[in-house]
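First up is the structure itself, then whatever we jot down about it.
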There are 2 protein chains.
Amino acid sequence: MTEQKPRNDTRETILDAAEKVVAESGARRLTIDAVVERSGISKGGVLYHFPNKSALLDGMVFRMVQSFEEKLAMAEDTARAAGEPVQPHIARAMSVKNDHQKQVAQALLAAISEEPARLEPAHRLLREVDQRFIDGSSDPVMSQIIMLALDGLHHRALLGFDVFTPDIRDAIRERLIDMTWTLHS
Amino acid sequence: MTEQKPRNDTRETILDAAEKVVAESGARRLTIDAVVERSGISKGGVLYHFPNKSALLDGMVFRMVQSFEEKLAMAEDTARAAGEPVQPHIARAMSVKNDHQKQVAQALLAAISEEPARLEPAHRLLREVDQRFIDGSSDPVMSQIIMLALDGLHHRALLGFDVFTPDIRDAIRERLIDMTWTLHS
DNA sequence: GTCTATATCAAGATAGAC
DNA sequence: GTCTATCTTGATATAGAC
């Protein structure tokens, strides 16, 4: 039995609240006080875990990067276990629209508004994924285009501009995954 | 003789300065005072033209949208004059990396950090361009993918994450334009 | 239309009790 | 480890002279 993650300690509660604030009120209003209010934890408590606002942003970005990495690692493991190329699985993992993607958007948004330099871990991750995604492709430029289109999906969510109906979104996703298969078989 | 545009009145100077502040110091530091300092115009002067910060953001977004619309209109005129489909020309116009794209990034960044609602004019524009770009395509899903990839290029510039060498960027651009031709001939 | 001076407030950060 | 109270600053906005 893998025990339930005891993840909902105070730290996680604070990060959850921070994301909610950004989602609900915009990156501008991501203030310590807003997080205090949204989390129900006192200012002293919040500042105990994140001694200043930069640390809070680092925490948001780090958690986002980490959970994204886990998701990709799982996708790649699945691929390898099936003896398949990893790239279509990466594409699928990147294009899923769920809470996690929202988390990505909120964290990126907060960091870029406040201190773009804090995005470095996200840049690192994107560079690595780019590399693995293009690797071994029979048409690297097309692979890069697919990766950019996947980025574009995130982009629109980030800008709060998500006009696709679920069917169109699904059609786009499946098409991108198909294309990836073609480039890696 | 078309006379030199007399565009460099105080208003434009202020908007230029605002973009420079975002580019140099991040959206967070886009303050009235920073614009005052960067533009050399006094606080009273700046607040005469933009009575509050929201008005300044509106001004940034509006100018961005307008110049983008002009650029697209020119591209479409060129296409029609040559009896060609407009979509490849739209793709070309959207993928050019220049000062204008930087302007887009700075304005978007400032608006989204501060007041996402102020992005509405940009959303409207993107919806329209999307529509025209997909219109009459022999493969609308692929057209949408191309548009998303073009978005992705902007996205990476926006996040300060622009890793492509100029040749790769050119290769991607030309490929996207080629694909667009295929879908509209 | 442009300027300086100043009022007001929101937000980050610290101190110290429990 | 969590809390309340308070200090300090940076930023918006106003007033009114030139």
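Every chain is numbered from 1 and lettered A, B, ... according to where its sequence line falls, protein lines coming before strand lines. These numbers come from a predicted model, not from an experiment. The figures here come from the full heavy-atom set of this structure, side chains too, leaving out hydrogens, waters and symmetry mates.
- For the 3.5 Å distance criterion, the side chains of Glu115(B) and Ser54(B) qualify, holding a donor opposite an acceptor.
- Partners of Glu174(B) according to the side-chain contact (heavy atoms from CB on, under 4.5 Å) rule, which considers only residues two or more places apart in sequence or in another chain, are Arg92(B), Ile177(B).
- Between the side chain of His154(B) and the backbone N or O of Met94(B) there is at least one donor-acceptor pair closer than 3.5 Å.
- Atom CD of Glu37(A) is separated from atom P of dA10(C) by 13 Å (rounded to the nearest Å).
- In this structure, Thr10(B) reaches the dT2(C) phosphate: one of its side-chain N or O atoms is under 4.0 Å from OP1 or OP2.
- The pair Arg132(B)-Asp135(B) fails the salt-bridge criterion, with no side-chain N (NZ, NE, NH1 or NH2) lying under 4.0 Å from an Asp/Glu carboxylate O.
- In this structure, His123(B) contributes its side chain and Phe161(A) its backbone to no donor-acceptor pair below 3.5 Å.
- Direction of the helix axis in the helix from dG1(C)-dC18(D) to dC18(C)-dG1(D) shifts by 10° between the two five-pair termini, rounded to 10°.
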| note | Letter by letter from the 5' end, nucleotides 12-18 of chain D scores (B base, S sugar-phosphate only, - none; protein heavy atoms under 4.0 Å) BBB----

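- Using modelled atom types, one finds a donor on one side chain and an acceptor on the other under 3.5 Å when comparing His89(B) with Glu84(B).
- From Arg118(B), atom CZ reaches atom CZ of Phe62(B) across 14.0 Å, with rounding to the nearest 0.5 Å.
- For the pair Ile41(A) CD1 and dC3(D) P, the computed distance is 7 Å after rounding to whole Å.
- A salt bridge is defined here as a Lys NZ or Arg NE, NH1 or NH2 lying under 4.0 Å from an Asp or Glu carboxylate O, and Lys53(A) with Glu114(A) meets this definition.
- Taking atom CZ of Arg29(B) as the reference point, atom P of dG10(D) lies 11 Å away to the nearest angstrom.
- Phosphate contact (OP1/OP2 of dG1(D), side-chain N/O of Tyr48(A), threshold under 4.0 Å): present.
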